[in-house]
Number of protein chains: 2
Amino acid sequence: MNKKLKEYYSARATIIKALAHPTRIFIVEQLEKGERCVCELQEMIGDDISTVSKHLAILKNAGFISDDKRGLKIFYSLNMPCALNFLECAKKILKNRARHDLALTCK
Amino acid sequence: MNKKLKEYYSARATIIKALAHPTRIFIVEQLEKGERCVCELQEMIGDDISTVSKHLAILKNAGFISDDKRGLKIFYSLNMPCALNFLECAKKILKNRARHDLALTCK
DNA sequence: TTACTATTTGACCAAATAGCCAAATAGTTG
DNA sequence: CAACTATTTGGCTATTTGGTCAAATAGTAA
């Protein structure tokens, strides 16, 4: 792989990496339902608010979500619904795995 | 988030994490074209063969690919084509970004 | 059996990531 | 302006990940 190609794959990996965290998956799925402010997400997630804020920054930099400041609050919303397709793919794998584990158990 | 839910999201994150690496994206896209042995992939990628092997193990554990040993060689193939949907989503984001950067440049 | 090829595994180090706390920033309200 | 609320940023440590080398494993062939 030459340098140019490597950079291209790295850029794509960075985007995927943004979804590769339990909290960030949760956030994306919440935002599917509509915009949420940081404090609402923080309450659902339960981590320190600075931690939640950093996760949001990662999703935003990757391009999955965008923010809108209104008064004191900042509302985040999903702007790449295609992220959900992939989350579905991960779910599908988990389901297959569960079925397989069950098959083993019943042997 | 309770413990059970957290585990569920972590399991999904582990699957997505498997795709969150330039080399592993490359591998999945190669396997889309058909099965490949480790040595073929190693040659295309250029990293140490043990490195490639570890990337393959990660994709296999996640459930994206499977292996078939025939003689000395081990052939890997893709068994979750839905992975490609997501890789497409990452591509789309990159394209949007490029269009946006261009717009800024032309202002 | 010995030598050879393909691949995986383990030990190790360097770099990246995650989470928490404290401090900084920005907007609001009295 | 001072006090307050919502959020981000910086600094720190602990954990995870990625890569390399050497050794182990497995199949083949002489």
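Per chain, numbering begins at 1; letters A, B, ... match sequence-line order.
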Residue set satisfying salt bridge (charged side-chain N to carboxylate O under 4.0 Å, His left out) with B/D47, at least two apart, ordered chain then number -> none
Nucleotide by nucleotide, nucleotides 24-30 of chain D touches protein heavy atoms under 4.0 Å in the pattern (B base, S sugar-phosphate only, - none) --BBS--
In whole angstroms, the gap separating C1' of D/dA6 from CD of A/E35 amounts to 15 Å
Original post:
Hey, is the main chain of B/I49 close enough, under 3.5 Å, to the side chain of B/S53 for a donor-acceptor pair?
Top reply: no
message: If the cut-off is 4.0 Å, is B/H55 near the phosphate of D/dG19, judged by side-chain N/O to OP1 or OP2?
response: yes
Is any side-chain N or O of B/Y76 closer than 4.0 Å to OP1 or OP2 of C/dT8? yes
OP1 or OP2 of D/dT20 versus the side-chain N and O atoms of B/T51: is any pair under 4.0 Å? yes
Separation of D/dT7 atom P from A/I27 atom CD1, nearest Å, is 12 Å
To the nearest angstrom, the CG-P distance between B/L59 and C/dT8 comes to 12 Å
message: Once hydrogens and angles are ignored, does a donor-acceptor distance under 3.5 Å link the base of D/dT17 to the side chain of A/K17?
response: no
(message) Main chain of B/H21, side chain of A/R12: is a donor-acceptor contact present, judged purely on distance under 3.5 Å?
(response) no
**Asked** Between A/E88 and A/K91, is there a side-chain N and carboxylate O pair less than 4.0 Å apart?
**Response** yes
Disulfide (SG to SG under 2.5 Å) pairs touching residues 61-102 of chain A, sequence neighbours excluded, are A/C82-B/C89, A/C89-B/C82
From NZ of A/K54 across to P of C/dA22 the rounded distance in Å is 14 Å
Think B/H21 has a side-chain N or O under 4.0 angstrom from the OP1 or OP2 of C/dT17? no
Between CZ of B/R36 and P of C/dT7 the distance, given in whole Å, is 14 Å
Of the candidates C/dT8, C/dA11, C/dT7, the side chain of B/C37 sits closest to C/dT7
note: B/D67, atom CG; C/dT7, atom P; distance rounded to Å ~ 11 Å
#### Entry: A/R70/A/D68 salt bridge by N-O under 4.0 Å criterion
yes
A/I49 atom CD1 is separated from D/dA6 atom C1', nearest whole Å, by 6 Å
Check: Looking across every strand, which nucleic acid part, if any, lies under 4.0 Å from B/S50 by heavy atom: base, sugar-phosphate, or nothing?
Finding: base
Rounded to whole Å, CG of B/D48 lies from P of C/dT9 at a distance of 15 Å
- Item | Other residues, nucleotides, ligands: >12 heavy atoms within 6.0 Å of B/E40 CD | yes
